[in-house]
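Scroll down for the structure; my scribbles are underneath it.
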Amino acid sequence: MKLKNNSILKKIGDTYTILPLSDHSLDLDIILKVNPVGAFIYECLKEETTEEEVLTKILAKYEVSKEIAQADLDEFLAKLNAKGLLCM
């Protein structure tokens with residue numbers, strides 16, 4: 001899985017936002033505000049990877065149980081996929 005080339009991650013102050021890349025009008029429905037963990041996952045997905053590899057990176061970087069990390073990762077991937085930002 002990998003991110004499509006149709007978005008960018010921007011940090012403005014303490015807020016991370018995923019914005020669409022488009023030659024047309026800005027599609028406000030695609031904008032996602034994410035926390036630092038979401039930004040970390042987004043960065044991991046810039047290269048072809050597996051869900052298990054991303055989970056391993058999350059567990060190495062953050063103090064969180066595998067169950068919580070997996071649930072959060074599943075939810076975030078579902079949001080990216082629903083917005084058309086992810087190649088599965």
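Numbering of residues begins at 1 and proceeds along the displayed sequence.
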remark   = Taken in chain and number order and not counting sequence neighbours, the residues that satisfy side chain to side chain contact (heavy atoms under 4.5 Å, CB included) with Thr17 are Thr15, Leu19, Ile31, Lys33
For Asn81, all residues meeting side chain to side chain contact (heavy atoms under 4.5 Å, CB included), sequence neighbours excluded = Leu86, Met88
key: Heavy-atom pair of closest approach, residues Cys87 and Lys4   = SG-CG, 3.3 Å
key: Gap separating the CG atom of Leu85 from the CG atom of Asn5, nearest 0.5 angstrom   = 11.0 Å
query = With sequence neighbours left out, what residues match Leu9 under side chain to side chain contact (heavy atoms under 4.5 Å, CB included)?
reply = Tyr16, Ile18, Val34, Ala39, Tyr42, Glu43
inquiry  = Which heavy atom of Lys2 sits nearest to which heavy atom of Glu48, and what is that distance?
reply    = CB-OE1, 3.5 Å
ask   = Hey, is the main chain of Leu45 close enough, under 3.5 Å, to the side chain of Thr49 for a donor-acceptor pair?
value = no
Under 3.5 Å, which donor-acceptor pairs link side chains of residues 63-71 to any protein atom two or more places apart or in another chain?
residue: Ser65; atom: OG; partner: Ile68; partner atom: N; Å: 3.2
residue: Gln70; atom: NE2; partner: Glu51; partner atom: OE2; Å: 2.5
residue: Gln70; atom: NE2; partner: Asp74; partner atom: OD1; Å: 2.8

request  = Could I get the full list of side chain to side chain contact (heavy atoms under 4.5 Å, CB included) partners for Lys57, not counting sequence neighbours?
outcome  = Phe40, Cys44
note = dist Leu77:CG -> Leu55:CG (nearest 0.5 Å) comes out at 10.0 Å
query = Side-chain contact, heavy-atom cut-off 4.5 Å: Leu80 with Leu32?
reply = yes
request  = Can you sort out the partners of Glu75 under salt bridge (charged side-chain N to carboxylate O under 4.0 Å, His left out), two or more places apart, ordered by chain and number?
outcome  = Lys79
ask   = What's the verdict on side chain to side chain contact (heavy atoms under 4.5 Å, CB included) for Val37 and Asp72, showing C-alpha distance, side-chain angles and the deciding distance?
value = CA-CA 9 Å; Val37 178; Asp72 290 349; over 6 Å; no
ask   = In Å and rounded to the nearest 0.5 Å, what is the NZ to CD1 distance from Lys10 to Ile12?
value = 8.0 Å
